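Taking it in order: structure first as structure tokens, then the write-up.
A quick note: this is a predicted structure, and the numbers were derived from the prediction, not measured. No hydrogens, no waters, no symmetry mates; every other heavy atom, side chains included, goes into these values.
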Protein chains: 2
Amino acid sequence: MSDLPALAPATKHNHARCVRDALDTAEAVCARRGARLTALRRHVLELIWRSHKAIKAYEILDQLAGEIGAARPPTVYRALEFLMAHGLVHRVDSLNAFVGCADASHRHDAQFFICDACGTVREIDDVTIGRAVSRGAERLGFEVERRMIELHGRCGSCQ
Amino acid sequence: MSDLPALAPATKHNHARCVRDALDTAEAVCARRGARLTALRRHVLELIWRSHKAIKAYEILDQLAGEIGAARPPTVYRALEFLMAHGLVHRVDSLNAFVGCADASHRHDAQFFICDACGTVREIDDVTIGRAVSRGAERLGFEVERRMIELHGRCGSCQ
DNA sequence: CGTGAATTGTTATATTATTACATAGCGTCC
DNA sequence: GGACGCTATGTAATAATATAACAATTCACG
Ligand SMILES: [Zn+2]
Ligand SMILES: [Zn+2]
Ligand SMILES: [Zn+2]
Ligand SMILES: [Zn+2]
């Protein structure tokens, strides 16, 4: 595994450690469920975690091609499908892109704060927002199954 | 203009009237701003309003082709761009599709409740949800510029 | 009318994602 | 160990979504 200097996030933290933790959690989650975190899937997850930005499927594809030779779209999309199914990665619909889940220990929807200046995606799960949505849904007689909440703007360091 | 029976929404209402109102509002909004609601743009808006479902750009394209002859993607995407710029249409990112704005009198983000069974999209603008998001953002020091809030599930009649 | 700006037409291409089928790996039963 | 069945991966083709670049037309305004 190579070093990861160029793509580190804006927030100051030990990102190598941050990635290692994410991969360890992924191993644990998959082990617990009898799911196979294969070399390929693990590699894709690692690429996603190289930054706290959302990464596009074809960027993953290009990086894979540079590292392990030929890679085709289905390879990437299948890995992403697996990682999303196990809650290790979220899809950011407003960007057609993917980001590592900040709390992969349990499946969840979350809210994403996306800085349009630096690209950093910050995931939180705010119960107040969740409750507000639930009450709105209730008034409409609507049964919510999946929440997609993505807020675009400027993060603290980019204002 | 043809009749609109097949695509009427689940909720019982006078949909012909509903469409007419939407077009009238659009005329008014554009007049007020000196924007030109050309025949093409008006036609696209009307196609979008034929149902309360989100419609895909290429569905619009197909319908235009059937009605006025050749139509190319840029034609549709440009009309959509105009309609969105003037708040007459919203894009539903989680569907790559477009829906008529339920309250085009003023520009806004809103929340969309999307029934995955019947496809109906219900737009509301719930201040409670907006406030919850604002407070979440404030705690992160994040400045929100655009809110994408799309809730998938089942509407009342599809449960 | 003449002019410039906005709109639309047209061709090509970029970007994102899936289908369909072939091959390879891997655990289990006998 | 070998046959079987399941999961994962490889590969080719194509579908679905969106934009770029430039030409032709239309339209408001003077
Ligand atoms: Zn990190
Ligand atoms: Zn998450
Ligand atoms: Zn209606
Ligand atoms: Zn609206």
Side-chain angles (χ1 to χ4, degrees), chain A residues 26-27 30-31 33-48 53-86 88-99 119 148 150, chain B residues 26-27 29-48 53-86 88-99 119 148 150:
Chain A
E27 296 281 11
C30 290
R33 294 202 197 135
R36 292 168 56 194
L37 187 63
T38 62
L40 174 64
R41 291 165 175 170
R42 197 185 143 93
H43 194 163
V44 169
L45 183 58
E46 192 192 324
L47 291 178
I48 291 170
K53 305 179 186 183
I55 186 173
K56 306 215 148 214
Y58 275 72
E59 291 172 358
I60 295 172
L61 193 56
D62 290 345
Q63 295 189 32
L64 274 182
E67 294 177 15
I68 65 174
R72 244 40 82 132
T75 301
V76 168
Y77 283 102
R78 284 193 288 231
L80 288 170
E81 186 177 33
F82 173 90
L83 294 170
M84 283 193 292
H86 291 283
L88 302 170
V89 159
H90 293 288
R91 186 191 153 97
V92 182
D93 285 288
S94 57
L95 298 175
N96 292 339
F98 304 84
V99 70
M148 326 247 292
E150 301 172 12
Chain B
E27 295 281 11
V29 165
C30 289
R32 180 148 37 83
R33 294 202 198 137
R36 290 169 57 197
L37 187 62
T38 62
L40 175 64
R41 290 165 175 170
R42 199 186 140 94
H43 194 162
V44 169
L45 183 58
E46 192 192 324
L47 291 177
I48 291 170
K53 306 179 187 184
I55 185 173
K56 305 214 150 216
Y58 276 72
E59 291 172 357
I60 295 173
L61 192 55
D62 291 345
Q63 295 189 31
L64 275 183
E67 295 177 15
I68 64 173
R72 247 36 86 125
T75 301
V76 168
Y77 282 103
R78 283 192 289 229
L80 288 170
E81 186 178 32
F82 172 90
L83 295 171
M84 284 194 291
H86 291 283
L88 303 170
V89 159
H90 293 287
R91 186 192 152 96
V92 182
D93 286 301
S94 58
L95 297 174
N96 292 338
F98 304 84
V99 69
M148 191 223 93
E150 300 174 10

Protein-nucleotides 26-29 of chain D N/O pairs under 3.5 Å:
none

[X] has an atom [atom1]; how far is it from atom [atom2] of [N], in whole Å?
X: A:Asp93; N: C:dT16; atom1: CG; atom2: P; value: 13 Å
X: A:Leu61; N: D:dT9; atom1: CG; atom2: P; value: 15 Å
X: A:Asp62; N: C:dA17; atom1: CG; atom2: P; value: 14 Å
X: B:Leu80; N: C:dT7; atom1: CG; atom2: P; value: 15 Å
X: A:Leu83; N: D:dA8; atom1: CG; atom2: P; value: 12 Å

task: Kindly say whether B:Ile48 contributes a backbone atom to a donor-acceptor pair with the side chain of B:Lys53 at under 3.5 angstrom?
output: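 No; judged by distance alone, with no hydrogens or angles, the pair does not exist.
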- prompt: Just by protein heavy atoms under 4.0 Å, how would nucleotides 11-24 of chain D read 5' to 3' in B, S and -?
  reply: BB----BBBBB---
query: If we only count heavy atoms from C-beta on, is the B:Ile55 to B:Gln63 side-chain gap below 4.5 Å?
result: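 Yes, side chains in contact.
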- request: Report yes if the side chains of A:Leu83 and A:Leu37 come closer than 4.5 Å at any heavy-atom pair, otherwise no.
  value: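 They are in contact (side-chain heavy atoms under 4.5 Å apart), so the answer is yes.
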- request: Would you write the dot-bracket representation of DNA chain D, where each base gets (, ), [, ], | or . depending on whether it forms a Watson-Crick or G-U pair under 3.5 Å and with which partner?
  value: ||||||||||||||||||||||||||||||
- prompt: Among pairs that include at least one residue of residues 36-45 of chain A, which meet side chain to side chain donor-acceptor pair (under 3.5 Å), considering only residues two or more places apart or in two chains?
  reply: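 Non-adjacent pairs meeting side chain to side chain donor-acceptor pair (under 3.5 Å): A:Glu27-A:Arg42, A:His43-A:Glu67.
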Inter- and intrachain pairs under side chain to side chain donor-acceptor pair (under 3.5 Å), touching residues 69-86 of chain B, at least two apart: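 Checked against side chain to side chain donor-acceptor pair (under 3.5 Å) - neighbours excluded - the pairs reaching residues 69-86 of chain B are B:Arg33-B:His86.
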field: Contacts of B:Asp93 that satisfy salt bridge (charged side-chain N to carboxylate O under 4.0 Å, His left out) - sequence neighbours left out
entry: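 So B:Asp93 forms a salt bridge (charged side-chain N to carboxylate O under 4.0 Å, His left out) with B:Arg91, B:Arg146.
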